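Reviewing the structure listed below.
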Amino acid sequence: MIKFTQVSKRYPGGYEALKNVGFEIEEGEIAFLTGHSGAGKSTLLKLIAAIERPNGGSIVVKGQNVGSLKSGALPFLRRNLGLIFQDHKLLFDRSVFDNVILPLQICGFDHRESAKRARAALDKVGLLAREKANPIALSGGEQQRLCIARAIVNRPTILLADEPTGNLDSAYADEIMSIFKSFHQVGVTLLIATHDENVLRQSDGRRLLLKHGELQP
Amino acid sequence: MSNWLIQHWLVFLFTLRRLLATPVASLLNIAIMGIALSLPVGVYVLLQNVQGLAAQAAGAPQISVFLAKDASKDDVAQTGKRLAQLDDIERIEFVPREQALDQLKHSTGLADVIGGLSQNPLPDAYILYPKTADLKVLEGLRDRLQTWPKLEHVQLDSAWARKLEALLGFVRLAVLILASLLSIALVAITFNTIRLQILTKRDEIEVSKLIGATHAFIRRPFLYFGLLQGLLAGAAAWLIISLSLYLLNRSLAGLAELYASNFTLHHLSAGDSLSLLLFSAYLGWLGAWLSVSQHLWQIEPK
Ligand SMILES: Nc1ncnc2c1ncn2[C@@H]1O[C@H](COP(=O)(O)OP(=O)(O)OP(=O)(O)O)[C@@H](O)[C@H]1O
Ligand SMILES: [Mg+2]
């Protein structure tokens with residue numbers, strides 16, 4: 001489903017964030033990406049979604065070589081991915097509901113069906129009662145959950161989560177993890193970057209450990 | 001209604017809301033663009049009116065057909081019949097040579113000189129009053145008549161029409177130049193409005209790209225905005241001209257009474273009005289399109 005072969009990423013300025021990284025994640029697998037701060041976890045996830053481009057090696061996602069994808073094809077790659085960002089990337093000029101429905105509008109979904117799905121996603125993360133609120137009025141943990149609702153609303157086949165439990169106490173973190181597990185059960189492929197020991201202890205699933213941009217065996 | 005139509009309708013409503021969200025700025029923009037448009041269009045309207053007025057004042061030009069000296073009475077009658085069959089002619093007047101000489105005697109005061117002539121030097125003539133004032137048609141007609149037998153000379157009294165045509169051509173060119181310049185200004189105004197919008201919508205654009213929006217999707221609301229603003233500017237220009245014509249006509253009414261005429265200025269025709277709206281909408285769209293192509297690709301998600 002996701003295959004890295006000898007991937008390297010150098011940021012402008014010369015810093016080498018990833019060096020010769022290779023791994024493969026099978027369809028329906030759940031894997032955890034760990035490592036110290038600055039190890040390159042976010043960079044790796046961004047490469048999968050083609051938010052950053054690799055300097056070497058190949059990245060294949062669902063049979064497509066992401067590194068050489070034309071910019072016109074990017075939107076259609078990203079529609080298959082559910083992205084949960086470390087910095088949330090919520091829009092504060094609209095309601096919680098409008099944030100969640102955005103991916104469906106982008107795909108040109110039927111309006112009534114979209115509204116139904118958006119409410120279902122909000123319900124899943126326990127934010128249905130706040131649908132009319134502005135995201136700015138939500139707590140850090142609630143914003144995190146809103147971000148998850150937006151990522152799952154168009155039922156992606158691959159879910160990439162960057163520190164999804166970063167701002168949550170352990171009760172909420174457990175809740176989030178159980179949401180992820182339910183997605184795992186219906187066959188969604190998950191790659192979760194985290195250094196939350198709690199999460200790692202409670203979940204079985206492959207670990208990918210990064211250290212200064214290199215994948216540890 | 002298809003889903004595709006609903007999508008566009010929603011974008012349209014969204015755009016309208018965006019326009020109404022900053023009413024003062026939108027209104028000022030539309031006013032500036034409307035005024036800019038109303039200048040060339042206003043001159044065009046006056047031009048149309050003057051053209052009609054001038055034709056009315058001058059009357060249609062005439063064509064004088066002088067017969068050859070050796071034309072017999074039969075030839076004259078024959079020519080008269082053929083002339084009567086022409087399409088573009090309203091009315092024909094026959095001026096026999098004797099009458100022409102009489103007129104010359106009385107009008108010039110050369111009675112003595114003319115009285116001393118042993119024979120009448122003037123030919124029989126027909127005067128044609130054409131239906132049209134179109135110079136091209138009349139010149140074509142003259143050229144055709146010149147090939148007829150037993151005619152000495154065909155004369156189109158078109159000097160005046162020519163001068164008017166030249167003057168109107170000059171004004172038309174001026175309108176065209178003005179319209180071009182102000183069209184560019186209109187495009188520039190929209191370009192800048194959209195540029196500012198893109199800057200304030202940076203987050204939205206970035207997030208939309210991250211979750212799979214195509215360029216077309218991101219561009220659409222901005223293009224709609226430009227289109228709508230252009231359309232409203234066209235409507236504003238139309239209203240400005242309506243108001244101006246109303247005021248001018250009111251003061252003309254007094255003037256016309258003095259001259260016992262009932263001249264009023266006419267507004268743009270329905271077709272011209274529609275063209276104005278479509279053209280201004282197109283200019284708005286163009287400005288938005290240029291702006292979006294220029295600025296959107298610069299926003300890449302990180
Ligand atoms: N846009 C960028 N330009 C230059 N350097 C960057 C850029 N983004 C990240 N880096 C560098 O690349 C390295 C890896 O960054 P990355 O964000 O992938 O780390 P991370 O493992 O996600 O860390 P954290 O756990 O703190 O989120 C860091 O040293 C960072 O400074
Ligand atoms: Mg990170």
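Letters A, B, ... are given to chains in the order of the sequence lines, protein chains preceding strands, and every chain is numbered from 1. Bear in mind the structure is a predicted one, so any value in this text is a computation, not a measurement.
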**Q.** Heavy-atom closest contact (B/Gly42 atom, B/Ile241 atom, distance)
**A.** N-CD1, 3.7 Å
Q. Would B/Phe222 and B/His295 count as a close aromatic pair, with their ring centres under 6.0 Å?
A. no
Q) Around atom OH of B/Tyr282, are there more than 12 heavy atoms of other residues, nucleotides or ligands at under 6.0 Å? A) no
May I have a table of the donor-acceptor pairs connecting chain B and chain A at distances under 3.5 Å?
residue, atom, partner, partner atom, Å
B/Asn3, ND2, A/Gly108, O, 2.8
B/Gln7, NE2, A/Phe109, O, 3.0
B/Glu204, OE1, A/Arg94, NH2, 2.9
B/Glu204, OE2, A/Arg94, NH2, 3.2
B/Glu206, OE2, A/Lys89, NZ, 3.4
B/Lys209, O, A/Arg78, NH1, 2.9
B/Gly212, O, A/Arg79, NE, 2.8
B/Gly212, O, A/Arg79, NH2, 3.1
B/Lys302, O, A/Lys89, NZ, 3.4

Q: Give the minimum heavy-atom separation between A/Val66 and A/Leu47, together with the two atoms involved.
A: CG1-O, 3.7 Å
**Q.** B/Ile218 portion near chain A, given a 4.5 angstrom heavy-atom threshold
**A.** neither
Q. Is any side-chain heavy atom of A/Phe23 less than 4.5 Å from a side-chain heavy atom of A/Val21?
A. yes
Q. What part of A/Phe76 lies closer than 4.5 angstrom to a heavy atom of chain B: side chain, backbone, both or neither?
A. side chain
Q | A/Pro156 to A/Gly82 - nearest heavy-atom pair and separation | A | CB-N, 3.3 Å
Q) Is it the side chain or the backbone of A/Ile51 that comes within 4.5 Å of chain B heavy atoms, both, or neither? A) both
Q: Please indicate whether A/Phe92 has more than 12 foreign heavy atoms, meaning atoms of other residues, nucleotides or ligands, lying under 6.0 Å from its CZ.
A: yes
